[in-house]
Amino acid sequence: MTATARDRLIVGLDIPTIGEAEAIVKALGNDVLFYKIGYQLAFAGGLEFARDLAADGKKIFLDMKLLDIDNTVAKGVENIAKMGMSMLTLHAYPKAMRAAVEAARGSDLCLLGVTVLTSMDEQDVIDAGYEYDPHTLVLRRAEQARAAGMGGIVCSAEEAAAVRKIVGSDMAIVTPGIRPAGSDKGDQKRVMTPADALRAGSSHLVVARPIVKAADPQAAARAILDEMSGAL
């Protein structure tokens, strides 16, 4: 992969209002190309904001984690593809993934299968009713995502090396739970530094709080980009 650090860093706009999101985007300027918009901002006008950012030349990772009957997933994906989004998540269930892949065919939308949330550890997975430990479940879902023709998967950086062996060099591996050395883990349980995540096989890193909650978001982003560049 020849993408630069700027192509690989996705800043998570996990903030409550469009005004705050606009301020972060302005503060980061041309240093950041890629943004993630999830539930919190989506339900505060974030979908229109996503369209506006895309129109301004930014790349948008729409983190909706879709899961529903095949027809509902397909119709949602068709409309999202028309919005100019770059990435979209859905839960890595084989039927949903196959329906989404067919619906996105012919578009530039990269579909990502969410394997196991980085806020979950083994006990959380057991409590959810799965018979696999997180690592095994991630690898199983990575195999299913590849078989379905997905563009990539979302997993923790801890599983990136093993997943890369399964999905090969063409699929994206997007990893949240990225924390620069010395930063607070928050509610994340499976985390890694930016440089270590890239070395492990991640193609894109999602960073939210260490940037958007920093006293100087631009300086925080630049420090992470410098670390990433050193690992590429």
What's the spacing between [X] [atom1] and [Y] [atom2] if we round to 0.5 Å?
{"X": "Ile80", "Y": "Glu78", "atom1": "CD1", "atom2": "CD", "result": "10.5 Å"}
{"X": "Arg209", "Y": "Ile178", "atom1": "CZ", "atom2": "CD1", "result": "13.0 Å"}
{"X": "Gln144", "Y": "Ile153", "atom1": "CD", "atom2": "CD1", "result": "11.0 Å"}
{"X": "Met83", "Y": "Ser107", "atom1": "CE", "atom2": "OG", "result": "13.0 Å"}
{"X": "Ile60", "Y": "Leu109", "atom1": "CD1", "atom2": "CG", "result": "12.5 Å"}
{"X": "Ile166", "Y": "Arg141", "atom1": "CD1", "atom2": "CZ", "result": "13.5 Å"}

[X] [atom1]: over 12 foreign heavy atoms closer than 6.0 Å:
{"X": "Asn30", "atom1": "CG", "answer": "no"}
{"X": "Arg6", "atom1": "CZ", "answer": "yes"}
{"X": "Asp108", "atom1": "CG", "answer": "no"}

Nearest heavy-atom pair of [X] and [Y]: which atoms, and what distance?
{"X": "Ala162", "Y": "His135", "value": "CB-CE1, 3.8 Å"}
{"X": "Met64", "Y": "Gly38", "value": "CE-C, 3.8 Å"}
{"X": "Ala103", "Y": "Ala74", "value": "CB-O, 3.4 Å"}
{"X": "Gly201", "Y": "Ile173", "value": "O-CD1, 3.8 Å"}
{"X": "Thr175", "Y": "Ala197", "value": "OG1-CB, 4.4 Å"}
{"X": "Ala50", "Y": "Ile37", "value": "CB-CD1, 3.7 Å"}

Check your understanding: Where do Tyr130 and Val116 land on the side chain to side chain contact (heavy atoms under 4.5 Å, CB included) test, with the steps shown first?
Key -> CA-CA 11 Å; Tyr130 292 102; Val116 178; over 6 Å; no
Give a yes or no on whether the backbone of [Y] and the side-chain of [X] come within a donor-acceptor separation of less than 3.5 Å.
{"X": "Lys58", "Y": "Val32", "value": "yes"}
{"X": "Tyr93", "Y": "Leu67", "value": "no"}
{"X": "Asp7", "Y": "Thr4", "value": "yes"}
{"X": "Ser202", "Y": "Leu205", "value": "no"}
{"X": "Arg8", "Y": "His204", "value": "no"}
{"X": "Glu159", "Y": "Ser156", "value": "yes"}

Side-chain contact test, heavy atoms from C-beta onward, threshold under 4.5 Å: evaluate it for [X] versus [Y] and give yes or no.
{"X": "Val114", "Y": "Leu90", "answer": "no"}
{"X": "Asp14", "Y": "Val212", "answer": "no"}
{"X": "Arg179", "Y": "Met192", "answer": "no"}
{"X": "Val25", "Y": "Leu53", "answer": "yes"}
{"X": "Val138", "Y": "Val163", "answer": "yes"}
{"X": "Phe49", "Y": "Leu41", "answer": "yes"}
{"X": "Ser203", "Y": "Arg164", "answer": "yes"}
{"X": "Leu198", "Y": "Met228", "answer": "yes"}

Practice item. Would you check, one step at a time, whether the test side chain to side chain contact (heavy atoms under 4.5 Å, CB included) holds for His91 with Leu66? Key: CA-CA 6 Å; His91 282 288; Leu66 301 181; over 6 Å; no
Count I, L, V, M, F, W, Y as connected when their side-chain heavy atoms are under 4.5 Å apart, and connections chain through other members. Are [X] and [Y] then in the same cluster?
{"X": "Ile15", "Y": "Phe43", "result": "yes"}
{"X": "Leu33", "Y": "Tyr35", "result": "no"}
{"X": "Leu62", "Y": "Tyr39", "result": "yes"}
{"X": "Ile126", "Y": "Leu137", "result": "no"}

**Study point:** From CA spacing to verdict: side chain to side chain contact (heavy atoms under 4.5 Å, CB included), Lys65, Asp63
**Key:** CA-CA 6 Å; Lys65 299 183 179 70; Asp63 190 16; 2.8 Å; yes
Check your understanding: What's the verdict on side chain to side chain donor-acceptor pair (under 3.5 Å) for Ser229 and Asp226, showing C-alpha distance, side-chain angles and the deciding distance?
Key -> CA-CA 5 Å; Ser229 294; Asp226 286 345; 5.3 Å; no
Practice item. Report the C-alpha separation of Phe61 and Phe34 in whole Å, then their side-chain angles, then the decisive distance to 0.1 Å, and conclude whether the side chain to side chain contact (heavy atoms under 4.5 Å, CB included) test is met. Key: CA-CA 7 Å; Phe61 166 17; Phe34 222 139; 4.0 Å; yes
Check your understanding: What residues, two or more places apart in sequence or in another chain, satisfy salt bridge (Lys or Arg N to Asp or Glu O under 4.0 Å) together with Lys95?
Key ->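 Once residues adjacent in sequence are excluded, the partners of Lys95 under the salt bridge (Lys or Arg N to Asp or Glu O under 4.0 Å) criterion are Asp70.
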Review point. Going by an N to O cut-off under 4.0 Å, is there a salt bridge joining Glu143 and Arg146?
Key: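 Between Arg146 and Glu143 there is no salt bridge, as every charged N stays at least 4.0 Å from the carboxylate O atoms.
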Point to revise | Glu48/Arg51 salt bridge by N-O under 4.0 Å criterion | key: yes
